[in-house]
Amino acid sequence: MTQQSRLLAEAHLHMPQGVAENYRYWGEKDTVFIASAKGCMLTDVDGKTYVDFRLGYGPIILGYRDERVDNAVIEQITQRGTLSGFSTELDTTVVKQIKAMCPNIDKMRFANSGTEAVMGAVRTARGFTKRDRVAIVEGSFHGLYDEMMWKSDIEHWQPGSNTTPKVIPFGGGIPERSRALLSIISHNDFEDLENLFGTQGDTLACVVIEPIIGNAGSVAASQSWLQRLRDLCTQHGTVLIIDEVKSGFRVAKGGAQELYGIHADLTTYAKAMGNGYPVAAFGGKAHVMDVVGSHPGGVVHGGTYTANLVALSAAHATLKILAETNAQQTINHAGEQIRAVLGRAFTAAGLEHAFAGPPAMFGIHFSATVPTNYRDWRVTNSELYRKFAWELIARGVMLEPDSREPWFICEAHQHMDLGWLEEVATQSLRVALAS
Ligand code: PMP
């Protein structure tokens, strides 16, 4: 019996599914228990090591146990404590760091998770516009709260059937009425966009979008579609919220918005801003953010752990490194090399493949063309990808066995053995194609 299966058997007695959150349950045989992590490497409780491209769903941007960040946190909490429920100088310092990298931000507030940041941004948009409706894009993910937990049932949708996928809740416990104010549009579909604003333009508080969908294999909005969305939001007084929880401080210093040169009214950040420490934020234009406050009709935002010193010292150290060093170029270069190696293995096997998104967060799709939206993703060979991923995991490459989750690259990947990766990818592909 492996240590892993022993720990899972015991965990079943104490936690539903035997895990601390649903997505960590990979089945009785494959649920992973980690003993330690360093750089881009994970070691499980049975001593097996992995080069990790999952990186905790994206937060690790420098590497696990980065001493520059860890020492800053240790210094802060041992000298000042973790929280006091009062303001600190660091609050403004970190916002100023973010503003220097992200010209879309005038004012901000902090949060503890991506979900909380999205909730804060949406409430702010509703408070500012005095409207209630919200629109999101098919295939995106904006956190685990009721209103955002509606999705297109893509698995049961028949491509080419002239029907639209059914909208279903993520699971139980989500009231039907939480969907009442939500609309779902499709990436890069101009007709959907015009219809949305044509029918709801005056009641739409905000559109929440990941321009590079970090939850659908980095499938990206086209420049012209995103620009049209920006223009329609401006025209209708709708707040454009760009959710950069995955892309922020990762795909560029200024996130996806820097790559497109298109700015949101409000933006959410989390993950990469703290290299694995739980910190998040939302912010944007001053006149929109100033609706937050204790004045009559002001939007309430807060929470016991908001801007705690563990979170802010980690953000301060991480953002300083991203702003002042060439970490981002290193990450992009490593990502490009990793893509090249994988591409060679796919080509050698005669496999049609397409990479989506930027090198720091790229999707792999077994199809002739890059998917342009979630429905396109459905016709890629995701079943082959799943088999390929499991073979990689068996050989010491950690990733999510679902092609909707991108490959995440951190600074520490610069030291990885690319020759080994090519060999492992080639073997894994051979087995996957034969099965
Ligand atoms: N928005 C996006 C784009 C995300 O990818 C995620 C998490 N994967 C969230 C929001 C929610 O973040 P968290 O898990 O930190 O609550």
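Both counts, for ligands and for their atoms, begin at 1 and track the order of listing. For the numbers below, each heavy atom of this structure counts, side chains included, while hydrogens, waters and symmetry mates do not.
For Ala327, the side chain to side chain contact (heavy atoms under 4.5 Å, CB included) partners are Leu62, Ile321, Leu322, Thr325, Glu411, not counting sequence neighbours.
Taking 4.5 Å as the limit, some side-chain heavy atom of Leu144 sits within range of a side-chain heavy atom of Tyr23.
Defined by atom type and a distance below 3.5 Å, a donor-acceptor pair is missing between the side-chain atoms of Gln414 and Thr330.
With a 6.0 Å cutoff to the six-membered ring centre and a 45° limit on the axis angle, Lys151 counts as a cation-pi contact of Phe170.
Note: Trp377 and Tyr374 have parallel aromatic rings, judged against thresholds of 30 and 60 degrees for the angle between ring planes.
Within 4.0 Å of ligand 1, counting heavy atoms only, the contacting residues are Ser113, Gly114, Thr115, Phe141, His142, Gly143, Glu210, Asn215, Asp243, Val245, Lys246, Lys271.
The environment of Lys285 atom NZ is dense: over 12 non-hydrogen atoms of other residues, nucleotides or ligands sit within 6.0 angstrom.
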